[in-house]
Number of protein chains: 2
Amino acid sequence: MRQKITLKHIARELDVSISTVSKALKNSEEISRDTKEKIQAFAKLYNYKPNNIAISLKNKRTKNIGVIIPEIVHHFFTTVFRGIEKYANKQGYNVVVCISDESFDKEVINMEMLANGSIDGFIMSLSAETQLKNDYNHLKEVTEQGIPLVLFDRVTNEIQCDKVVINDREGAYLAVQKLLKSGRRKIALVTTEDYFSVSRERTQGYLSALRDNGIAIDGNLILKLPYMDVQEEDIDSFFDGNEVDAVLCVNEIFAIHCMRLVQKKGLRIPEDISFIGFTDGILSKYATPRLTSVAQHGEEMGQIAAKMLIEKVESEEEVEVYRTEIIESTLIERESTIN
Amino acid sequence: MRQKITLKHIARELDVSISTVSKALKNSEEISRDTKEKIQAFAKLYNYKPNNIAISLKNKRTKNIGVIIPEIVHHFFTTVFRGIEKYANKQGYNVVVCISDESFDKEVINMEMLANGSIDGFIMSLSAETQLKNDYNHLKEVTEQGIPLVLFDRVTNEIQCDKVVINDREGAYLAVQKLLKSGRRKIALVTTEDYFSVSRERTQGYLSALRDNGIAIDGNLILKLPYMDVQEEDIDSFFDGNEVDAVLCVNEIFAIHCMRLVQKKGLRIPEDISFIGFTDGILSKYATPRLTSVAQHGEEMGQIAAKMLIEKVESEEEVEVYRTEIIESTLIERESTIN
DNA sequence: TTGTATGCGTTATCAG
DNA sequence: CTGATAACGCATACAA
C-alpha cells in the first residue's frame with residue numbers, strides 16, 4: 001500500500017527544503033529550471049496531490065458547500081440537488097448533503113455539525129417542522145457568524161438572506177386560468193396545511209384567479225390533506241360530497257391519488273374532470289392520463305442557488321444586500337386537461 | 001457579525017495557555033476545578049465549537065464519507081443514499097455526494113477530488129460508461145492508497161473490496177416462477193445492454209427459471225432497450241411481432257412504458273398479460289395497475305454499505321479480507337399479476 | 001495544576 | 001535561487 005506522499009517526503013527524498021518543493025510545484029519563478037524539473041518529475045512519479053484538509057485550514061476555505069434538505073427520496077428536491085451539484089462541481093466545490101427528514105431537531109443538529117468549519121456556506125429548504133414551529137434561531141446563528149446562506153423553495157421572511165423560489169402564486173393562477181378557459185367552473189383545490197410557505201402561495205394564486213374571474217369561492221372545494229400519509233378515505237368522501245369538474249393539486253402525489261380514486265368512481269379524465277398538479281416530476285410524466293402540471297424548474301433553481309451562494313462565498317466584501325430570485329413557473333400541458 | 005472563536009481567543013482572554021483551555025474543555029482531570037469552570041463558562045458564553053478542519057488535519061480522519069453515484073434523479077439511488085446518510089449521520093459522519101452522470105471521466109475526476117484528504121472512504125456504484133469501458137484503474141489507485149471502498153449494486157469483480165448487492169439473479173428467478181405458476185408460458189424479458197452487471201444477473205435468473213421449468217428459451221422474446229431514451233416504436237414492434245402473456249422488465253421505467261403501450265393495444269393487465277418490474281420505486285406503486293415488482297431494498301443496501309465502510313475506516317489493523325453482502329430480493333405482489 | 005513544544009500539511013514572508 | 005520560520009486550530013507528550 002503506497003502511502004499518500006506529502007511535501008515533506010519529497011523534500012527529504014530530494015534533499016531540498018519543503019518550501020522549495022512547494023514553490024517548485026507551483027511553478028514559481030523563484031526556483032531554477034533544473035530544480036523545478038527534478039521536483040516536478042518526482043512528484044508526478046509518486047503521484048503527489050496536495051492535501052485538501054491542510055489547504056482548507058490554511059485558507060479558511062473548504063470549497064465545500066452544505067446542503068440541507070427535508071427529504072431526498074422526493075423528485076423535486078432531487079432535481080434541485082442535481083442543479084446545485086452540477087454548478088458547484090463546475091466551480092470546484094464539493095457538496096455535503098444532510099437530510100433533515102422534516103424534523104426541526106435534525107435540521108439544527110445538521111447545521112451545527114457543518115457550521116464548524118466543514119463548509120463555506122449553506123443551501124437549504126426548511127423542514128416542515130421548522131416551518132410549523134416558526135423558529136429560525138439556528139439560521140440566525142449561522143448568518144451572524146458570517147456564513148452565507150441561500151434558502152430555496154421553502155423559505156421564510158424571518159431571515160435576511162438570499163432566496164430562490166418559484167412564482168408559486170403565479171403558477172397556481174395560470175393553472176386555474178387554464179381550467180376556467182376550458183369551461184370548468186367548479187374547481188377544487190387539494191392542498192396541505194397552511195404552514196408550508198409554498199402551499200400558502202399556491203392557495204393565494206388559486207383564490208385570486210377565481211376572484212379575478214368573478215367566480216365565487218366555495219370553501220367546501222378546498223381539501224386539506226396531511227403532507228404525509230394521505231388517507232384515501234378523506235379524498236373519497238371529498239369527491240363524494242362535492243360536485244367538481246376540475247382539480248388543482250399542490251403536488252403530484254395528491255394528484256395521482258385523486259385521479260386514481262376519481263377514475264375508480266367512473267369519471268373520465270379529462271372529459272368529466274380535469275387535473276393539474278404541481279412539481280412535474282416523474283409521476284406526472286408517467287401517470288395515466290399524463291398529468292398536466294406546473295413545472296418547478298428544480299434544476300434551474302439549484303443552479304441559481306449554487307451560483308448565488310458561491311458568489312457570496314467568494315466575494316471579499318461583506319455585502320449586506322440580499323436578493324430573492326423568483327423563477328417563473330410554467331404550465332406543462334398533458335392529457336389530464338382539455339383545451 | 002460575531003466571528004468564530006478559537007482556543008487561542010479564549011486563552012488570550014482568560015490569560016491562560018492554549019493547552020490549558022484545550023484540556024479544560026475536555027474536562028481533563030489535570031485541570032483544577034476553578035479553572036475548568038471559568039473556561040467552560042466562557043466557552044459556553046461565546047459558543048465555542050472546535051474547528052472540524054483542524055481536528056481532521058490532526059487526526060487524519062475527516063469523518064466524511066464520499067458517495068459517488070451515477071445519477072441522483074433516480075429513485076433507487078436516492079433510497080440507497082438515504083440509507084447511507086442515515087447510518088453515517090448516526091455515527092457522526094457527514095456525506096459528500098458526487099454524481100458521475102454515467103460518465104467515466106466524471107467518475108474519475110470526482111474520485112480524485114475527494115481522495116486528497118476530503119473523505120475517509122468511498123461508497124459507490126459504477127457509472128454505465130465505466131462498466132462499458134471496463135476500466136477500473138481509478139478504483140485501484142484509491143484502494144492502493146489504503147482508502148476503504150464499498151461498491152454497491154453496480155459492482156465489478158476486477159476490484160477487491162467490500163461489496164453489497166441484491167440477489168438479482170434470484171429476484172428474476174422468483175419473478176419468472178411466479179409468472180409460470182400463474183400459468184403464463186410466453187414470458188418476455190425487457191432488458192438493457194449486457195454491460196450492466198445487474199442486467200446480466202437478472203437475465204441469468206430469467207433464463208435459469210425457464211430452463212428449470214422445461215420451457216424452451218426463445219431469443220425473440222428478449223428485448224434489449226437502450227438504458228436512456230427509450231423509443232416507443234421499438235417496444236411497439238416488439239409486442240406486435242410476438243405473442244406474449246407475461247413480461248419481466250429489468251427496471252420500472254421499462255415496465256411503465258410497456259404497460260402503457262400494451263394497454264393502448266387493448267390488452268388487459270393482468271388478465272391478458274402480466275407484468276413484473278424491478279426496482280419497486282414510486283412508479284411501481286402509483287402505476288395503473290399497480291406494478292408487481294422485485295424490491296431492491298435500497299435503503300437497507302445503503303445502511304449496510306455505510307456500516308461496512310465505517311467499520312473498515314475505524315478498524316486500526318489493515319484487514320485484507322473483503323466481504324460481499326448479498327441482500328435477498330423480494331417480490332412485492334400488486335395488481336399487474338394474477339395468482 | 002499549568003504551560004511549552006511539537007506536529008498534522010500547506011503556504012507565505014522574509015532572510016540568506 | 002533556496003531555505004527557515006511562522007501560521008492556520010487543535011491535541012498531546014513532556015517539562016516545570
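Below, read A as the first sequence line, B as the second, and so on, with proteins coming before strands; counting in each chain starts at 1.
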Could you state the atom-to-atom distance from [atom1] of [X] to [atom2] of [N] in whole Å?
X	N	atom1	atom2	result
B:I18	C:dA5	CD1	C1'	12 Å
A:N59	D:dC8	CG	P	13 Å
B:N116	C:dC8	CG	P	19 Å
A:R12	D:dA4	CZ	C1'	17 Å
B:K63	D:dC10	NZ	P	18 Å
A:I39	C:dT11	CD1	P	13 Å
B:N51	D:dC8	CG	P	12 Å
B:E30	C:dT4	CD	P	15 Å

Contact under 4.0 Å: [X] side-chain N or O vs [N] OP1/OP2:
X	N	answer
A:S17	D:dG3	yes
A:S22	C:dT10	no
A:S32	D:dT2	yes
B:K26	D:dA11	yes
A:K36	D:dC1	no

Taking 4.0 angstrom as the limit, do [X] and [Y] come out as a salt bridge?
X	Y	result
A:R82	B:D101	yes
B:E311	B:R323	yes
B:E314	B:R61	no

Donor-acceptor contact below 3.5 Å, side chain B:Q131 vs main chain B:S197: yes

Backbone N/O of A:I159 and side chain of A:T156: donor-acceptor pair under 3.5 Å: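 Pair absent, no side-chain N/O of A:T156 close to backbone of A:I159.
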
Just compare [options] and give me whichever is closest to any side-chain atom of [X].
X	options	value
A:A54	D:dC8, D:dC10, C:dT10	C:dT10
A:L57	C:dT10, C:dG3, D:dG9	D:dG9
A:K8	D:dC8, C:dG9, C:dC8	C:dC8
B:K23	D:dC8, D:dC10, D:dC14	D:dC14

Crowding at CD, A:E37 (>12 non-hydrogen neighbours, <6.0 Å):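 Result for CD/A:E37: enclosed.
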
Quick one: does [X] reach the base of [N] with a side-chain donor-acceptor pair under 3.5 Å?
X	N	answer
B:S19	C:dT4	yes
A:K58	C:dT11	yes
A:K4	C:dG9	no

Sugar-phosphate, base or nothing in reach of A:S56, heavy atoms under 4.0 Å: nothing

DNA chain C: 5'-proximal contact among B:T35 and A:I55 (nearest heavy atom): B:T35

